[in-house]
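Beneath this line is the structure, given in structure tokens, with notes to follow.
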Amino acid sequence: MSSSSSSAQLKRLKPLYQHVVNNFLVVMAAPLAVAAIVNAARVGPDELLRMVRALRPVHVFLAAFVPAAAATLYLMLRPRPVYLVDYACFRTKPNCRVPFATFLEHAKLVTYVEGASIDERSVRFMTRLLERSGLGEETCLPPAHHFIPPYRNLEASRAEVEVVIFNAIDDLLAKTGISPAAIDILVVNCSLFAPIPSFTDMIINNYKMRSDIRNVHLSGMGCSAGLISVGLARNFLQVAPHGAHALVVSTETITPNYYVGKERAMLLPNCLFRMGGAAVLLSTSRAKARFRLSRVVRTLTGAQDSAYRCVFQEEDGEGHRGINLSKDLMTIAGDSLKANITAIGPLVLPASEQLLFALSFIARRVLTRRVKPYLPDFRMAFEHFCIHAGGRAVIDELQRSLGLSDEHVEASRMALHRFGNTSSSSVWYELAYIEAKGRMRPGDRVWMIGFGSGFKCNSAAWECISPARNADGPWADSICRYPVDIPEVLKH
């Protein structure tokens, strides 16, 4: 028998295998239940009554008390479910748009600015990067970057923060109808800009929130910090009164981080990162909730020097500050993803996939390393995937590693094309894309995957309760044009 025919037979048998393994308890319990009913029928009602009367009171008490006590203890100790009430993303402004021609012309003019060392060679390098980046012509940079030279001062940075996060929060409050005074917990993440007072103080002051609100600003944690913020807010909600609300705000401030040097590894963020932000409202009350948070799984590989330094803020030889992206970034991201898959797999995958993965692992350890490892099919655990739009290479690598279709990564590619790399908020633009396309259904499961400095790979799993009723949001004025074809290299 040829290998192709045997492979085809295995594919035909796989659905039967999955059905049996995933419904193992039902398959085993059904014969036992039938046997118990048959035996009871054979004994007869008089014999059953005699057996019941023979039971001692202590046996009856234990039979009733122990299950009740166990159930009560379980309900008291289990974590409270956390729900996503709603979310909103920053809506970019047309006056902040940076088509490729504008971006490159601006970069050429910066070469003449005193103190900048960016040169024509650097501009040609950025041109090639943009052509292959997967970004479109409508991505936005803050107003400060439209000046020559770009403004990178504190005042301009604060202005960008206020525009982005207040816009997103205003939209969220309007959608949910919640008062700022009803928010009990505030978690904000922005990696590269941490002013005094902090982002949380800016929000509390602008919306006149309560003085007893619990608030945290996370900085320096990279593009995966949005999911870290969700996990932190979930932990806060476990000890807050039932029905408490947590506001999570994720953004990255671009203004102070324009690199004017000529180190190629530090020019890439100039080409990829764009304005963006998202505001998310979580609660332990199911009322009006749209999603249920199933899992948050974090993996960190920072103990390895190469992983720790692969995304590193530093100054180049001429004193220009920027983010240095290591050439080993994709390899390190792949290793971090494998660690995250190993951690989240047992929590979300059906039993059939876990069994195949376990058998593959044992075979590789016991028999030989040449046995090909089994990659679990995460399409059986999730209907939708929101992969951090860190760049075209990141999306390509995850699609290949997870065996996903083009439709599964469409939201990530289109978010990168329309908005660019918006750092930790990118997964929310992707979720908004899926909903704007009308693809979300009640019961659908969503996997958000984020990568960040350190190096981290973080995941959040959600289950849809109620899809969005309309496409209003960051895609409202452009969803009709998507998806678009993204060529390997743009032709100008």
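Because the structure is a prediction, the values reported are computed rather than measured.
- Among residues at least two apart or in separate chains, there is no salt bridge (Lys or Arg N to Asp or Glu O under 4.0 Å) pair with a member in residues 94-109.
- Scanning all heavy atoms of the two residues, the minimum distance from Ala144 to Ala156 falls at CB-CB, 3.8 Å.
- For residues 379-398, the pairs satisfying salt bridge (Lys or Arg N to Asp or Glu O under 4.0 Å) are Asp377-Arg379, Glu383-Arg445, Arg392-Glu488, Asp396-Arg413, Glu397-Arg400, with sequence neighbours left out.
- Between Tyr433 and Tyr482, the angle of the ring planes goes over 60°, which puts this pair in the perpendicular group of the 30/60° scheme.
- Among residues two or more places apart in sequence or in another chain, the side chain to side chain contact (heavy atoms under 4.5 Å, CB included) test is passed with Phe312 by Tyr308, Arg309, Glu314.
- Scanning all heavy atoms of the two residues, the minimum distance from Thr253 to Ser157 falls at CG2-O, 3.9 Å.
- Between Leu247 and Val280 the shortest side-chain heavy-atom distance does not fall below 4.5 Å.
- Listed by chain and number, the residues in a side chain to side chain contact (heavy atoms under 4.5 Å, CB included) with Ser426 are His388, Ala389, Thr422, Glu430 (sequence neighbours excluded).
- Remark: Tyr87 engages Trp428 in a ring pair (Phe, Tyr, Trp, His ring centres under 6.0 Å) (not counting sequence neighbours).
- Evaluation of the salt bridge (Lys or Arg N to Asp or Glu O under 4.0 Å) test over residues 328-351, restricted to residues two or more places apart or in two chains, returns none.
- Of the candidates Ile165, Asn189, Val161, Ile165 is the only one forming a side chain to side chain contact (heavy atoms under 4.5 Å, CB included) with Thr251.
- Atom CZ of Arg80 is separated from atom OG of Ser283 by 10.0 Å, given to the nearest 0.5 angstrom.
- Taking 4.5 Å as the limit, every side-chain heavy atom of Met380 sits out of range of all side-chain heavy atoms of Leu349.
- Across Asp316 and Gly261, no two heavy atoms sit closer than the pair OD2-CA, 3.8 Å.
- Within 6.0 Å of atom CZ in Arg439, more than 12 heavy atoms from other residues, nucleotides or ligands are found, so the atom counts as buried in its surroundings.
- The heavy-atom pair separating Thr299 from Ala343 by the smallest distance is CG2-CB, 4.3 Å.
- With sequence neighbours left out, His245 forms a ring pair (Phe, Tyr, Trp, His ring centres under 6.0 Å) with no residue at all.
- The side chain to side chain contact (heavy atoms under 4.5 Å, CB included) test with Ile449 singles out one residue from Ile344, Leu398, Leu227, and that residue is Leu398.
- The structure places CD1 of Ile434 at 6.0 Å from NE2 of His384, a figure rounded to the nearest 0.5 Å.
- Listed here is the closest heavy atom pair of Val187 and Ile185: CG2-CG2, 4.1 Å.
- Note: Leu267 CG to Asn324 CG = 10.5 Å, rounded to the nearest 0.5 Å.
- Looking at residues two or more places apart in sequence or on another chain, you find a ring pair (Phe, Tyr, Trp, His ring centres under 6.0 Å) between Tyr429 and Phe419.
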Atom pairs and distances, side-chain donor-acceptor, residues 268-275, under 3.5 Å, sequence neighbours left out:
{"residue": "Asn270", "atom": "OD1", "partner": "Tyr259", "partner atom": "N", "Å": "3.1"}
{"residue": "Asn270", "atom": "ND2", "partner": "Tyr259", "partner atom": "O", "Å": "2.8"}
{"residue": "Arg274", "atom": "NE", "partner": "Thr139", "partner atom": "OG1", "Å": "3.1"}
{"residue": "Arg274", "atom": "NH1", "partner": "Asn270", "partner atom": "O", "Å": "3.1"}
{"residue": "Arg274", "atom": "NH1", "partner": "Cys271", "partner atom": "O", "Å": "3.4"}
{"residue": "Arg274", "atom": "NH2", "partner": "Cys271", "partner atom": "O", "Å": "3.2"}

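- Contacts of Asp119 classified as side chain to side chain contact (heavy atoms under 4.5 Å, CB included), with partners at least two apart in sequence or in another chain: Arg121, Ser122, Lys262.
- Applying the salt bridge (Lys or Arg N to Asp or Glu O under 4.0 Å) definition to pairs two or more places apart or across chains, those involving residues 454-468 are Arg292-Glu463.
- For the pair Ser326 (side chain) and Cys310 (backbone), a donor-acceptor distance under 3.5 Å is absent.
- Between Phe385 and Phe382, the angle of the ring planes goes over 60°, which puts this pair in the perpendicular group of the 30/60° scheme.
- Residues that satisfy the side chain to side chain contact (heavy atoms under 4.5 Å, CB included) test with Glu162, not counting sequence neighbours, are Phe166, Met202.
- For the pair Asn458 and Ser224, the tightest heavy-atom approach, listed with the atom from each and the gap, is ND2-OG, 3.0 Å.
- Counting only heavy atoms from C-beta outward, the side chains of Lys437 and Pro483 approach each other to under 4.5 Å.
- Around the CZ atom of Arg481, the shell of radius 6.0 Å holds more than 12 heavy atoms that belong to other residues, nucleotides or ligands.
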